[in-house]
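Working notes, structure below.
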Protein chains: 2
Amino acid sequence: MTDVKSVNNPLFLREEELRQAIELLFFAYRDFTAGADNILEDYNFGRAHHRVIHFVGRNEGMTVSELLDILRITKQSLNRVLSNLIKRGFVEQRQGEEDRRQRCLYLTEEGRLLEQKVSRAQRELVANAFREAGGEAVAGYRKVLTGLIDETHRDTALNRILKT
Amino acid sequence: MTDVKSVNNPLFLREEELRQAIELLFFAYRDFTAGADNILEDYNFGRAHHRVIHFVGRNEGMTVSELLDILRITKQSLNRVLSNLIKRGFVEQRQGEEDRRQRCLYLTEEGRLLEQKVSRAQRELVANAFREAGGEAVAGYRKVLTGLIDETHRDTALNRILKT
DNA sequence: ATTTTACGTCAGTCATGTTGACATATATTT
DNA sequence: AAATATATGTCAACATGACTGACGTAAAAT
């Protein structure tokens with residue numbers, strides 16, 4: 001541990017610590033998403049479909065533009081995925097009541113079943129990690145990940161997550 | 001807060017807590033990667049190129065198959081990106097000394113510069129999140145993310161991260 | 001009445017992943 | 001020494017999910 005770098009350069013340990021934190025995020029995210037991907041594969045859906053199902057499931061009645069804002073993709077990109085989900089009966093649209101230009105999005109029964117299936121698998125994975133790590137660690141996880149969200153829209157993102 | 005769901009279903013709060021943790025990971029990862037993507041864009045490189053530069057930079061002399069094992073992509077996918085990086089002078093290969101079938105990978109000067117540039121931006125982001133969150137939270141972050149890594153190769157992954 | 005907004009859609013392109021087949025050099029095993 | 005296995009490269013075809021740009025339509029706002 002007392003090698004040249006750490007003796008001569010007090011920033012070295014910190015840099016190394018940060019590099020490790022970055023790789024940890026990479027590996028954790030890779031394995032976290034792998035489970036969902038496997039399930040979705042059976043339906044010939046990809047990660048993009050999952051994201052739509054996930055967010056529509058958690059925000060029933062949300063509009064297309066809200067969804068675009070969350071996903072940060074173009075409407076053309078979304079449309080291919082979304083119209084596919086609608087055609088195959090996992091998502092449905094209803095005209096907005098106040099503003100009839102809006103298309104409000106809902107999961108169908110089938111959509112809800114798939115959402116549950118994938119979500120359950122992911123929740124179990126996270127629940128295991130939480131259980132092993134303990135309550136205090138969970139609080140730390142939340143704090144750090146919150147800090148990784150871009151400041152300029154952190155509040156917006158947190159509001160959406162917490163659905164205040 | 002005392003709505004029907006939480007009164008009748010003691011699992012509801014836990015489920016909600018887990019769903020929030022999942023979305024938090026999604027948003028944090030999205031914003032974390034956005035910074036690097038921007039820099040890479042100036043070089044006409046994508047996230048795939050970055051991953052190669054990152055891991056080669058952290059494991060100088062690693063072989064192609066080690067890299068494949070980390071990235072979990074096919075050699076054909078890797079090859080397109082890798083040969084591009086070599087052609088453009090960011091990565092170089094040297095024949096393995098013990099096993100001359102192996103191609104050991106190194107960053108060139110230019111490669112190292114780019115790696116530093118992207119890494120510095122990412123480290124600053126993480127450093128800010130760590131600073132805001134505090135030391136205890138950082139420990140929790142590590143614990144939870146470690147737990148999210150697939151058990152079957154968690155030790156392998158951790159060894160690579162910590163470079164023991 | 002005009003303009004803006006929310007959404008849909010067509011067409012083409014790019015990056016990055018996949019499978020499958022085959023080649024070549026070197027190491028290992030028989 | 002010959003046969004086999006391994007590490008790597010490469011060609012070809014294809015899928016997914018991003019992108020840009022252009023255009024259309026209905027409804028809301030001015």
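So you know, we letter chains A, B, ... as the sequences are listed, proteins then strands, and number each from 1.
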Looking at A/F26, does the NZ or CZ of B/R51 lie under 6.0 angstrom from its six-membered ring centre and within 45 degrees of the ring axis?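 Geometry flag: not set, cation outside 6.0 Å or 45°.
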
How long is the gap from CG on A/L82 to CG on A/L67, to the nearest 0.5 Å?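 These two atoms lie 7.0 Å from each other.
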
Distance from B/Q93 atom CD to B/T63 atom OG1, nearest 0.5 Å?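 Result: 11.0 Å between the selected atoms.
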
Rounded to the nearest angstrom, tell me the gap between atom [atom1] in [X] and atom [atom2] in [N].
X	N	atom1	atom2	answer
A/L68	C/dC7	CG	P	8 Å
B/R30	D/dG17	CZ	C1'	17 Å
A/E41	D/dT16	CD	C1'	12 Å
B/D37	D/dA18	CG	P	13 Å
A/N84	C/dT9	CG	P	13 Å
A/N79	D/dT16	CG	C1'	16 Å

Give me the ring orientation class for A/F90 and A/F45: parallel if the planes are under 30° apart, tilted from 30 to 60°, perpendicular past 60°.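 If you compare the ring of A/F90 with that of A/F45, the planes turn out perpendicular.
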
With a 4.0 Å limit, can you tell me whether [X] has a side-chain N or O closer than that to the phosphate oxygens OP1/OP2 of [N]?
X	N	answer
B/S83	D/dG9	no
B/T63	D/dA7	no
A/Q102	C/dT5	no

How close do B/E115 and B/L107 get, heavy atom to heavy atom, and via which atoms?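 Smallest interatomic distance, heavy atoms only, reads CB-CD1, 3.9 Å.
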
Over all atoms of both residues, closest heavy-atom pair of B/N79 and B/S83: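 Closest approach of B/N79 to B/S83, heavy atoms only: O-OG, 2.6 Å.
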
Keeping to residues at least two apart or across chains, list the salt bridge (Lys or Arg N to Asp or Glu O under 4.0 Å) pairs with something in residues 125-141 of chain A.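 Checked against salt bridge (Lys or Arg N to Asp or Glu O under 4.0 Å) - neighbours excluded - the pairs reaching residues 125-141 of chain A are A/E132-B/R154.
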
Contact pattern, 5' to 3', of nucleotides 13-22 of chain C - B, S or - by protein heavy atom under 4.0 Å: ---BBBBBB-

Would you indicate what B/Q93 reaches in the nucleic acid, counting non-hydrogen atoms under 4.0 angstrom: base, sugar-phosphate, or nothing?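 Sugar-phosphate only.
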
N/O to N/O distances under 3.5 Å, protein versus nucleotides 27-29 of chain D:
residue	atom	partner	partner atom	Å
D/dA28	OP1	A/R100	N	3.2
D/dA28	O4'	A/R101	NE	3.4

Report the C-alpha distance between A/K163 and B/E23 in whole Å, list the side-chain angles of each, state the deciding distance to 0.1 Å, and finish with yes or no for salt bridge (Lys or Arg N to Asp or Glu O under 4.0 Å). CA-CA 11 Å; A/K163 299 201 294 183; B/E23 285 202 2; over 6 Å; no

If you apply the rule ring-ring contact (aromatic ring centres under 6.0 Å, His included), what do you find for A/Y141 with B/Y141, and how did you get there? CA-CA 4 Å; A/Y141 164 89; B/Y141 164 88; 7.5 Å; no

